[in-house]
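Notes for the one structure printed next.
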Amino acid sequence: MTSKAERTMTGADGLAVISGVILLLEAAADRCLNILAAGPAPGLEESFALSDLGLAARLAASQARRLLPVDIELDDVQTAESSQRRDDPIELVRAAEALTRTVPIEALPVGSSRVVVALCDLLRDHG
């Protein structure tokens with residue numbers, strides 16, 4: 001049996017993880033838009049793939065944001081990954097999915113399993 005302090009710490013860790021997931025997904029969506037807006041324009045197939053990935057990442061981030069209390073401020077997520085890998089939107093989605101595995105699912109806010117499934121779907125479809 002866990003103590004109340006351990007449950008509180010785990011809950012705080014879960015909120016931090018979901019906050020990080022949100023920031024990584026929003027960065028992935030923003031990166032997709034930046035690639036689409038930069039010249040030279042990607043080909044039609046790549047444009048559709050980037051648009052789809054960006055929209056799906058934005059939707060998953062929105063879904064995750066609804067799990068947080070309204071008074072939570074999102075802190076910048078520091079990752080050990082190189083800036084080159086952070087420029088790749090799918091790598092940002094991979095980082096978000098990996099972040100969800102840093103705590104037990106029970107530590108994440110109720111409803112987080114839907115976000116995890118959305119991340120897995122994104123990686124299956126685009127990874």
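Numbers here simply count residues along the sequence, with the first being 1.
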Report task. Measure the shortest side-chain to side-chain distance between Leu15 and Pro69 over non-hydrogen atoms and say whether it is less than 4.5 angstrom. Result -> yes
Requested in this report: Nearest 0.5 Å please: distance from the CG atom of Leu25 over to the CZ atom of Arg65.
Outcome: 10.5 Å
Query raised in the report: Closest approach of Val21 and Ala96, non-hydrogen atoms and distance?
Result: CG2-O, 3.5 Å
**Report entry** Spacing of OG belonging to Ser112 relative to CD belonging to Glu106, to within rounding of 0.5 Å
**Finding:** 11.0 Å
Query raised in the report: How far apart are the closest heavy atoms of Leu53 and Pro89, and which atoms are they?
Result: CD2-CB, 3.8 Å
**Report entry** Residues Glu91 and Arg94 bridged, charged N to O under 4.0 Å
**Finding:** yes
Report task. Determine, for Asp88 against Arg31, whether the closest basic-nitrogen to carboxylate-oxygen distance falls under 4.0 angstrom. Result -> no
**Report entry** Residue pair Arg124 / Asp121, side-chain heavy-atom distance below 4.5 Å
**Finding:** yes
**Report entry** 4.5 Å side-chain heavy-atom contact, Asp87 and Ile35
**Finding:** no
Requested in this report: Decide whether Ile105 and Leu123 are clustered together by the hydrophobic rule: side chain heavy atoms of Ile, Leu, Val, Met, Phe, Trp, Tyr closer than 4.5 Å, transitively.
Outcome: yes
Report task. Could you tell me whether the side chain of Ser47 and the main chain of Gly43 form a donor-acceptor pair under 3.5 Å? Result -> yes
Query - Under 3.5 Å donor-acceptor, Thr100 side chain and Val116 backbone - result: no
Query raised in the report: Which distance, rounded to the nearest 0.5 Å, do you find between the CG of Asp30 and the CZ of Arg58?
Result: 4.5 Å
Query - Atom pair CG (Leu122) and CD1 (Ile90), whose distance is rounded to the nearest 0.5 Å - result: 6.5 Å
Report task. Determine the minimum heavy-atom distance between Ala57 and Ala28, stating which atoms define it. Result -> CB-CB, 4.4 Å
Query - Worked check of side-chain contact (heavy atoms from CB on, under 4.5 Å) between Leu108 and Leu67 - result: CA-CA 9 Å; Leu108 298 174; Leu67 301 175; over 6 Å; no
Report summary line: Tightest non-hydrogen contact, residues Ala118 and Ala60, listed as CB-CB, 4.2 Å
Report task. State plainly whether one hydrophobic cluster holds both Leu33 and Leu92, where clusters connect Ile, Leu, Val, Met, Phe, Trp and Tyr through side-chain heavy atoms under 4.5 angstrom apart. Result -> no
Query - 4.5 Å side-chain heavy-atom contact, Leu119 and Val93 - result: yes
Query - Closest non-hydrogen atom pair, Leu50 against Pro42 - result: CD1-CG, 4.2 Å
